[in-house]
Every structure is written in structure tokens, then in C-alpha cells.
Amino acid sequence: LNIMASETEYRSPLTSRYASKEMSYNFSDQKKFSTWRRLWLYLATAQKGLGLDITDEQLDEMRTNVDVIDFQRAASEEKRTRHDVMAHVHTFAACCPKAAAIIHLGATSCYVGDNTELIVLRDAFKILLPKLARCLDRLAKFADDYKSLPTLGYTHFQPAQLTTVGKRACLWLSDLLMDLRNLDRACNDLRFRGVKGTTGTQASFLNVFAGDHGKVEELDRLVTEMAGFSKSYIVTGQTYSRKVDFDVVCTLASLGASIHKICTDIRLLANQKEIEEPFESDQIGSSAMPYKRNPMRCERCCSLARHLMVIANDPLQTASVQWLERTLDDSANRRICLPEAFLTADIILNTLQNILEGLVVYPKVIEKHVNQELPFMASENIIVAMVTAGANRQECHEHIRVLSHAASDQVKQHGKENDLVDRIRSSSYFSPIHSKLECLLDPSSFTGRAAEQVDRFLKEEVQPALCSYRDILGMTASVEV
């Protein structure tokens with residue numbers, strides 16, 4: 001048998017099965033180590049501009065080799081030195097012999113390590129935000145389409161007052177809008193670590209520039225600007241504060257909670273046969289039960305969202321145990337939790353968009369369920385109409401109570417339809433309102449201001465939030481497996 005290495009070694013399903021190519025690349029070794037090289041180039045360029053003896057030829061050599069990485073050589077160097085940064089310093093120097101002497105000048109490992117991570121986190125947010133915006137856009141269209149369709153509301157998962165399908169979707173939208181604001185805020189709050197040295201004092205760079213504080217500050221500003229940040233952290237230890245990681249991942253975990261709630265709601269409604277996620281013509285729901293249409297996309301979102309929510313505990317614990325200026329027990333944990341958080345968020349957003357683009361509503365089933373419960377819900381309206389016609393409120397209440405219990409018994413004990421309305425029609429006591437029953441039982445009269453709330457919410461909150469994403473809203477999402 002010809003068995004490939006990928007089939008005899010563990011691969012994370014996040015990348016091998018689910019995640020987008022752009023997010024997978026963002027956390028790839030190519031992105032990571034080419035960014036290290038760019039940071040060394042930025043540092044050398046800024047140092048030259050501030051008077052150090054660095055030539056254009058050296059900078060050109062570094063620039064030419066930014067993306068040309070000998071990973072095999074780097075792995076060999078790391079095995080020998082037990083130091084990932086120095087392994088890549090040597091590997092970069094090998095292809096840049098003229099620049100070798102000035103690569104990593106004055107820097108510590110966290111200059112490339114932490115700054116690269118901040119760049120990757122920023123870029124990851126920029127991948128997620130448009131995807132979240134597209135989910136909002138699809139859900140907004142859904143809410144608008146079904147803003148007037150009455151449906152049973154549920155509290156405690158028991159039938160309650162009517163709402164509309166579109167109004168319920170706005171509850172989902174409201175949560176996702178919070179997530180859009182939170183992700184945008186977390187992205188914009190990220191700063192660059194900059195050039196801070198081994199314990200954050202910039203002592204090594206002060207030595208490089210012979211005690212010139214102004215040049216050290218300008219070096220920090222220049223490198224920060226080259227990396228695409230407007231600000232750097234003024235104070236750091238050896239690393240930027242690991243509370244930043246918690247803030248980032250906690251924001252993603254909150255998004256996971258929103259998507260878990262949305263997809264759980266859809267799963268519950270699918271059980272009622274009121275709403276379904278898209279189901280493809282050749283899709284198989286069960287190997288044993290060919291009739292089944294399982295909500296596998298929503299189930300996947302819930303499954304992965306749980307993983308995303310618990311990941312937040314990793315950076316929380318890590319931030320709490322960073323002794324003094326830094327300990328290295330953050331490193332291995334962060335290699336796992338930071339990529340996994342963004343990869344998981346990427347997957348569930350892509351899957352949610354696919355769900356929302358094909359969400360199916362069954363109005364007749366919804367109407368049937370409404371009609372089963374509406375007679376009970378209409379009892380107060382019927383009492384008011386009877387009192388208006390001259391009846392005694394307490395007497396009317398007792399008549400309704402007796403008939404309602406009899407109808408409920410038919411439903412629960414005998415599995416029959418709710419016949420409360422027929423009992424009211426057959427009761428001479430209620431003859432003053434017999435002609436008004438159809439109007440009193442109109443479902444749209446029980447939904448309050450649901451449709452108006454949808455219109456206002458979409459206009460005042462959703463549409464303004466999506467303005468800056470207008471050019472990317474047209475992209476569709478697919479789920480491969």
C-alpha cells in the first residue's frame with residue numbers, strides 16, 4: 001500500500017478538515033518566519049536611518065530573501081541550538097552573508113516572537129470581521145423577509161405569547177452585533193510590542209545608540225509604523241502583557257457563545273419542523289435511518305463553539321502565572337490556544353454563513369403550531385370582548401376556564417387537536433362574540449410591535465454597522481464536509 005505521511009500522523013481537523021485557507025495560512029510557518037525576517041528588515045532599515053553603519057546592499061539582500069526560507073536547515077539548527085529564534089537568525093544569515101553581521105542587532109527573541117504574534121492576531125481579526133459582517137447581512141435579510149410571520153414564542157421552552165420569525169432572528173442579530181463591536185474593539189486595541197529589549201527597558205538599544213534616548217524612541221516609532229501599527233506598548237516586560245491574549249481569546253469565546261445559542265435555537269426549531277438548515281440533494285442524514293435530515297452544520301457549530309469557549313481559560317491561566325518580567329511556561333500553551341481560537345472562530349463563522357444563506361422556513365408548519373396554542377392565548381381577548389358586550393368578567397373567566405381544561409384534556413389525554421374554539425362556538429354563553437371570533441383569533445393581532453421593532457432595529461443598528469463592509473458582503477460561503 002502507498003500510504004502518505006499525512007495519513008500516518010495526527011493532523012488537527014481544524015486545518016485538515018474545516019478551516020479556511022486564509023486563516024490556515026495566517027498561522028502557518030511561512031507566515032510566521034517570513035514575518036520574523038520582515039521585522040529584522042524593519043529594524044535594520046530604521047537603524048540605518050538613525051545613523052548606524054548599515055548599507056543599502058545589506059538591506060536589499062535581506063529584502064530579497066524575506067520569503068525564501070530553508071525550513072530543513074532551520075529545523076536542523078534548532079535541534080542543535082535548542083533555540084528557535086537563533087536557529088532562524090543563522091538560517092537567514094546563511095542566505096544573507098553580507099547582512100549577517102547586523103541581523104537581530106540589539107534585539108531579543110521577543111522582538112520577533114511577540115511582534116509577529118501581534119501582527120498575526122491583528123491579521124486574524126481582519127479575516128474574521130468581514131465573515132461576521134456577512135453573517136449579519138444574511139441574517140438581516142432573513143429577519144426582514146419574515147418580520148411579519150407570526151410564530152410561537154417560547155419561554156422555558158414552553159409555548160408563550162406569539163412573536164414573529166423575523167423578530168426572533170433579531171435576537172440573534174443583536175448578539176452578533178455585540179460580537180462585531182467586540183472584535184473590532186479588540187483588534188483596534190492591539191498595539192505593537194516594538195523594540196523593548198530583554199526586560200522591557202530598551203537598555204540594549206540605548207547601548208547601540210550610545211545613550212541617545214531620542215534615537216531609541218524614534219527607533220521604536222519607526223519600526224511600529226513599518227509594521228502597520230499606530231501605537232506600541234510604552235511599558236512591557238520581556239513580553240507584552242499576556243492579559244492581551246486573554247482579552248483577544250475572551251472576545252472570540254463570546255462570539256462562540258452567540259453562535260452556539262443561534263445554532264441551538266435552529267436545532268430546536270428543526271425538531272419542530274419549522275426551520276431547517278440547508279440539506280443537499282445527495283446528503284445522507286443517517287446510515288441507518290434514510291429519512292433523517294439531521295442539522296449537522298448547526299451541530300458542528302455547537303461542537304466547535306464549546307471548544308472555543310473553553311479555550312479562554314488557557315490565556316487566563318497563563319496571564320496569572322507570568323512571574324515578574326516573564327517566564328517561558330507561556331510559550332507551548334500559546335502555540336496551541338491562540339491559533340486554535342482563531343481557527344475555530346473562522347470555521348464556525350464560515351459554517352454559520354453557509355447555514356444562513358440556505359435557511360429554510362416552513363410557514364404552514366409554523367401556522368399549524370400557532371393554531372394549536374392560539375385558542376388558549378386568545379382567552380384574555382375573548383374575555384375583554386365579552387365584557388365589552390355586557391358580560392360579567394368573573395363569570396366569563398369561569399366559562400373559559402372550564403372549556404379550556406376540557407380542550408386541554410383532549411390534547412393531552414387523547415392526542416386530539418385543540419378544540420377550544422369549537423367549544424366556544426358551541427356555547428350559547430359566548431353567542432355575543434361568535435361573529436367576532438375569527439378577528440379575535442387573527443395571529444397577527446398577537447405579535448405586538450414585532451414587525452415595527454425589526455424595521456427600526458435593522459435601520460438604526462444593523463445597517464450602519466455594515467456600512468464599512470459593503471464591498472465584501474457579496475461573497476458566499478461553502479462547507480466542504
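Just so you know, these numbers come straight off a predicted model, no measurement behind them.
- Heavy-atom minimum distance, Cys302 versus Arg267: SG-NH1, 3.4 Å.
- Of the N and O atoms on the side chains of Asn65 and Arg37, not one donor lies less than 3.5 Å from an acceptor on the other residue.
- Proximity of Ile355 to Cys301: side-chain heavy atoms (C-beta onward) are separated by under 4.5 Å at one or more points.
- In this structure, the side chains of Ile266 and Pro295 stay at 4.5 Å or more apart for every pair of heavy atoms.
- Across Ile54 and Ala44, no two heavy atoms sit closer than the pair CD1-O, 3.6 Å.
- In this structure, Val120 and Phe342 have side chains that are not in contact, with every pair of non-hydrogen atoms separated by 4.5 Å or more.
- Residue Glu217 places its CD atom among 12 or fewer non-hydrogen atoms of other residues, nucleotides or ligands, all under 6.0 Å distant.
- Under the 30°/60° scheme for interplanar angles, the aromatic rings of Trp36 and His88 are found to stand perpendicular.
- Within a 6.0 Å sphere centred on CD of Gln161, other residues, nucleotides and ligands contribute 12 heavy atoms or fewer.
- Under the 4.0 Å criterion applied to side-chain N and carboxylate O atoms, Arg221 and Glu218 are assigned as salt-bridge partners.
- In this structure, Leu59 and Leu41 have side chains that are in contact, with non-hydrogen atoms separated by less than 4.5 Å.
- Looking at every heavy atom in both residues, Val223 comes nearest to Ala46 through CG2-CB, 3.9 Å.
- At least one side-chain heavy atom of Val365 sits less than 4.5 Å from a side-chain heavy atom of His369.
- The pair Asp247-Arg185 meets the salt-bridge criterion, since a charged nitrogen lies less than 4.0 angstrom from a carboxylate oxygen.
- A donor-acceptor pair shorter than 3.5 Å cannot be found between the side chains of Thr55 and Lys98.
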>> Walk me through whether Arg134 and Asp137 qualify under salt bridge (charged side-chain N to carboxylate O under 4.0 Å, His left out).
In response: CA-CA 5 Å; Arg134 286 194 285 272; Asp137 176 70; over 6 Å; no
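- Scored by the ring pair (Phe, Tyr, Trp, His ring centres under 6.0 Å) test, Tyr146 finds Phe142 as partners (sequence neighbours excluded).
- The existence of a salt bridge linking Arg82 and Glu78 is excluded, since no basic side-chain nitrogen approaches an acidic carboxylate oxygen closer than 4.0 Å.
- With 3.5 Å as the limit, one finds a donor-acceptor pair spanning the side chains of Gln453 and Lys167.
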> Do Asp67 and Arg38 pass the salt bridge (charged side-chain N to carboxylate O under 4.0 Å, His left out) test, and can you show the C-alpha distance, the side-chain angles, and the key distance before you say yes or no?
Replying inline: CA-CA 9 Å; Asp67 295 309; Arg38 283 185 177 84; 3.3 Å; yes
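- Partners of Asp455 by side-chain contact (heavy atoms from CB on, under 4.5 Å), not counting sequence neighbours, listed by chain and number: Asp144, Lys147.
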> Can Lys141 and Asp145 be said to form a salt bridge (charged side-chain N to carboxylate O under 4.0 Å, His left out), step by step?
Replying inline: CA-CA 6 Å; Lys141 288 182 172 64; Asp145 287 344; over 6 Å; no
>> Quick one, Phe125 with Leu190, criterion side chain to side chain contact (heavy atoms under 4.5 Å, CB included). Give me CA distance, side-chain angles, the key distance, then yes/no.
In response: CA-CA 10 Å; Phe125 273 124; Leu190 288 174; 4.1 Å; yes
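- Counting only heavy atoms from C-beta outward, the side chains of Met86 and Glu77 never approach each other to under 4.5 Å.
- A salt bridge does not link Lys126 to Glu22: none of the charged nitrogens lies less than 4.0 Å from a carboxylate oxygen.
- Under a 4.0 Å N-O distance rule, the pair Asp265/Arg168 does not qualify as a salt bridge.
- With rounding to the nearest 0.5 angstrom, the NZ atom of Lys21 is 13.5 Å from the OG atom of Ser28.
- Between the side chain of Glu357 and the backbone N or O of Arg138, no donor-acceptor pair lies under 3.5 Å.
- Between atom OG1 of residue Thr351 and atom NZ of residue Lys131 there is a gap of 9.5 Å, rounded to the nearest 0.5 Å.
- Below 30°, between 30° and 60°, or above 60°: for Trp40 and Phe92 the angle between ring planes is below 30°, a parallel geometry.
- Taking the side chain as every heavy atom from C-beta outward, Ile348 and Leu352 never approach each other to under 4.5 Å.
- Under a 3.5 Å cut-off, the side chain of Lys261 and the backbone N or O of Trp172 do not form any donor-acceptor pair.
- In this structure, Arg242 forms a cation-pi arrangement with Tyr240, its terminal cationic atom sitting closer than 6.0 Å to the ring centre and no more than 45° off the ring axis.
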>> Does Arg334 form a salt bridge (charged side-chain N to carboxylate O under 4.0 Å, His left out) with Asp314? I'd like the steps, not just the answer.
In response: CA-CA 8 Å; Arg334 295 174 71 250; Asp314 269 351; over 6 Å; no
Identify every side-chain donor-acceptor pair in residues 465-472 under 3.5 Å, counting partners at least two apart or on other chains, and give the distances.
none

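- Taking 4.0 Å as the cut-off between side-chain N and carboxylate O, Lys48 and Asp53 do not count as a salt-bridged pair.
- Looking at His260 and Thr264, their side chains do bring a donor and an acceptor atom within 3.5 Å of each other.
- Judged as a side-chain hydrogen bond (donor to acceptor under 3.5 Å, both in side chains), the pairs with a partner in residues 193-207 (not counting sequence neighbours) are, in order, Lys196-Asp220, Gln202-Asp220.
- Of all heavy-atom pairs spanning Val165 and Thr151, the tightest one is N-CG2, 3.6 Å.
- Side-chain atoms of Asn350 and Ser20 include no donor-acceptor pair closer than 3.5 Å.
- For the residue pair Cys337 and Pro315, the shortest heavy atom distance occurs at SG-CD, 4.1 Å.
- Taking 4.5 Å as the limit, every side-chain heavy atom of His104 sits out of range of all side-chain heavy atoms of Leu43.
- Note that CG of Leu139 is 8.5 Å distant from CG of Leu359, once rounded to the nearest 0.5 Å.
- Listed here is the closest heavy atom pair of Ala227 and Ile119: CB-CD1, 4.2 Å.
- Residues passing the ring pair (Phe, Tyr, Trp, His ring centres under 6.0 Å) test with Tyr154 are Phe157, sequence neighbours excluded.
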> What do the steps show when you test Asp179 against Ser254 for side chain to side chain contact (heavy atoms under 4.5 Å, CB included), and what is the final call?
Replying inline: CA-CA 7 Å; Asp179 295 313; Ser254 182; 3.6 Å; yes
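- Tested against Leu255 for a side chain to side chain contact (heavy atoms under 4.5 Å, CB included), the candidates Leu349, Thr344, Asp175, Asn182 yield a single pass: Leu349.
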>> What verdict does the side chain to side chain contact (heavy atoms under 4.5 Å, CB included) test give for Arg122 and Cys187, after you've listed the backbone C-alpha separation in whole Å, the side-chain angles of each residue and the deciding distance to 0.1 Å?
In response: CA-CA 6 Å; Arg122 177 198 64 192; Cys187 182; 4.3 Å; yes
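- Looking at Arg326, Glu325, Gln322 one by one, the single match for side chain to side chain donor-acceptor pair (under 3.5 Å) with Gln238 turns out to be Arg326.
- Pairs engaging residues 185-216 under the ring-ring contact (aromatic ring centres under 6.0 Å, His included) rule: Phe192-Phe229 [sequence neighbours left out].
- Around atom NZ of Lys243, no more than 12 heavy atoms belonging to other residues, nucleotides or ligands sit under 6.0 Å away.
- How far CG of Asp346 is from CG of Leu14: 10.0 Å, rounded to the nearest 0.5 Å.
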